[in-house]
Amino acid sequence: LFLSSMWTSADTYTKGSSAYHYILGYQKEIAQIYELEIETYYKRYKDVYSFNQTFLTDVTPSGYNDMNEPIFNDTKGLFNRGNGNSYGLEILLRKDYGPVTGWLGYSLARTENKVDGLNDDEYFVPRQDRTSTINLVTNINLSNFVNTTFGKPIVNSGPRWLLSFNFIYSTGQPITLHGSAYIAAGFPDWGIDKRNVGLYPAKLNTARLPAYSRLDISVTYETTLWGLPVAPYLQIFNVGNRKNVWFIDYRNELMENKVVQEVEAVNMIPILPSIGINIKF
């Protein structure tokens, strides 16, 4: 798993990336309380790059440092060049007034890349592609919510309790499954061992992880202390303890001289409560 980002400047072997972005939007105020925004877009990318996984086998370094690590003075062979496009629809309904505020957003999107030498030079969806994403954010001023419920006037000053909900749902990330397996064993030991089983990938990102969803809740008390705005809070991340999958791993087990493969899902952060205080100077 390659976790780090790689940054380089453009040179003879790496052109500067460019994009054309077309947007069409519609906005309307509803009953002087709600605001509706609808937007569709198309974006065309040119000269986007992905890391070449076979870089060290294809390129000879210009030298080595004191730790015998290779030194490269240019980006020749470092990246695979490609093009891509994104298109989609975004809808946002927002409420900014009253004791209950927040917004509901939905995004329908598609991203496709075509990179030289990858996926048989066919288009594929990259890792960051999400077909559907839903965001729901709700902020409740508890004091004013009670006042409006019992017909009392809204108070816009003084200490207040705030209750907030944040819910997010999105289609799972694309992943590449293996299309076949092979065994690499050397003479004279031709025995099968789980350690010498290799996997050959299928088409890029043709499968997806399970959908991602999470609910966060926070309670905040806003007041002043020594003339400074102070807001202690309690926040609970991932209230439902949803086991969102980060990535999957494969385990090979040897049973009766046969390799049996198991899939292990590695999950993200479980339920996580936290307390803190915000002070504005």
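The figures here come from the full heavy-atom set of this structure, side chains too, leaving out hydrogens, waters and symmetry mates. Since we're looking at a predicted model, the values are computed, not measured.
Pairing each heavy atom of Phe145 with each of Thr148, the nearest pair is O-OG1, 3.0 Å. Contact detail for Ser164 and Asn139: the closest heavy-atom pair is OG-OD1, 2.9 Å. Here the shortest heavy-atom pairing between Ser50 and Leu118 reads OG-CD1, 3.6 Å. Closest non-hydrogen pair, Thr133 versus Ser170, comes out as OG1-CB, 3.8 Å. Among all heavy-atom pairs drawn from Leu142 and Leu163, the shortest one is CD2-CB, 4.1 Å. Nearest heavy atom pair, residue Arg127 against residue Pro174, reads NH1-O, 3.1 Å.
The distance from the OG1 atom of Thr176 to the CG atom of Asn119 is 8.0 Å, given to the nearest 0.5 Å. Annotation: the span from Glu39 atom CD to Ile23 atom CD1 amounts to 5.0 Å, rounded to 0.5 Å. If you take CG on Asn238 and CG on Asn244, they are separated by 6.0 Å, rounding to the nearest 0.5 Å. In this structure, Leu104 CG and Asn135 CG are separated by 8.5 Å, a value rounded to the nearest 0.5 Å. Here the CG-CG distance, from Leu93 to Leu36, works out to 6.0 Å after rounding to the nearest 0.5 Å. Atoms CG and CG, on Leu272 and Asn241 in that order, are 10.5 Å from each other to the nearest 0.5 Å.
Counting only distance, with no hydrogens or angles, the side chain of Asn80 and the backbone of Val115 share no donor-acceptor pair below 3.5 Å. Using a distance-only test at 3.5 Å, with no hydrogens or angles considered, no donor-acceptor pair links the side chain of Lys43 to the main chain of Ala19. Judged by distance alone, the side chain of Thr138 and the main-chain N or O of Gly102 form no donor-acceptor pair under 3.5 Å. Looking only at distances, a side-chain donor or acceptor of Asn65 sits under 3.5 Å from a matching main-chain atom of Met67.
Dense packing is recorded around CD of Glu69, with more than 12 heavy atoms of other residues, nucleotides or ligands lying under 6.0 Å away. Under a cut-off of 6.0 angstrom, the local environment of NZ in Lys203 is crowded, with over 12 non-hydrogen atoms contributed by other residues, nucleotides or ligands. Atom NZ of Lys46 has 12 or fewer neighbouring heavy atoms from other residues, nucleotides or ligands inside a 6.0 Å radius.
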**OP:** Begin from the C-alpha positions of Phe237 and Arg214 and carry the test side-chain contact (heavy atoms from CB on, under 4.5 Å) through to its verdict.
**Re:** CA-CA 8 Å; Phe237 179 88; Arg214 192 187 79 236; 3.2 Å; yes

Subject >> Worked verdict on Leu177 versus Thr206 for side-chain contact (heavy atoms from CB on, under 4.5 Å) >> reply: CA-CA 8 Å; Leu177 300 178; Thr206 55; 5.6 Å; no

**OP:** Could you walk me through whether Thr101 and Asp96 pass the side-chain hydrogen bond (donor to acceptor under 3.5 Å, both in side chains) test, one step at a time?
**Re:** CA-CA 5 Å; Thr101 60; Asp96 295 327; over 6 Å; no

**OP:** May I have the step-by-step check of side-chain contact (heavy atoms from CB on, under 4.5 Å) for Asn83 and Arg44, ending in yes or no?
**Re:** CA-CA 8 Å; Asn83 299 319; Arg44 178 68 178 173; 4.1 Å; yes

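Judged as a side-chain hydrogen bond (donor to acceptor under 3.5 Å, both in side chains), and not counting sequence neighbours, the contacts of Gln27 are Glu35.
Between Ile271 and Ile236, some side-chain heavy-atom pair lies under the 4.5 Å cut-off. Between Arg242 and Tyr212, the closest side-chain pair of non-hydrogen atoms is not below 4.5 Å. Residues Arg130 and Gln173 form a side-chain contact, since some pair of their non-hydrogen atoms from C-beta on lies under 4.5 Å apart. A 4.5 Å side-chain heavy-atom check between Val266 and Val245 finds every atom pair outside the cut-off. Put simply, the side chain of Asp129 reaches to within 4.5 Å of the side chain of Arg208, judged on heavy atoms. With a 4.5 Å cut-off on side-chain heavy atoms, Phe165 and Leu136 do not count as touching. Side-chain contact between Gln235 and Thr220 is absent, with no heavy atoms from C-beta onward closer than 4.5 Å. With a 4.5 Å cut-off on side-chain heavy atoms, Ile277 and Val230 count as touching.
The cluster map of Ile, Leu, Val, Met, Phe, Trp and Tyr, joined by side-chain heavy atoms under 4.5 Å apart, puts Ile134 and Leu209 in different clusters. Under a hydrophobic-cluster definition in which Ile, Leu, Val, Met, Phe, Trp and Tyr are linked whenever side-chain heavy atoms come within less than 4.5 Å, directly or via other members, Leu108 and Tyr87 are assigned to different clusters. Grouping the Ile, Leu, Val, Met, Phe, Trp and Tyr side chains by contacts below 4.5 angstrom, directly or via other members, places Leu24 apart from Ile91. Taking hydrophobic clusters as Ile, Leu, Val, Met, Phe, Trp and Tyr residues chained together by side-chain heavy-atom distances below 4.5 Å, Val100 shares a cluster with Trp161. Under the 4.5 Å side-chain heavy-atom criterion for Ile, Leu, Val, Met, Phe, Trp and Tyr, Leu234 and Ile140 are members of distinct hydrophobic clusters.
Using a 4.0 Å cut-off between charged nitrogen and carboxylate oxygen, Arg81 and Asp47 count as a salt-bridge pair.
Ring geometry, Tyr42 versus Tyr22: the interplanar angle falls under 30°, so the pair is classed parallel (tilted spans 30 to 60°).
For residues 90-130, no pair satisfies ring pair (Phe, Tyr, Trp, His ring centres under 6.0 Å), with sequence neighbours left out.
Residues Tyr45 and Ser86 bring a donor and an acceptor atom of their side chains to less than 3.5 Å of each other.
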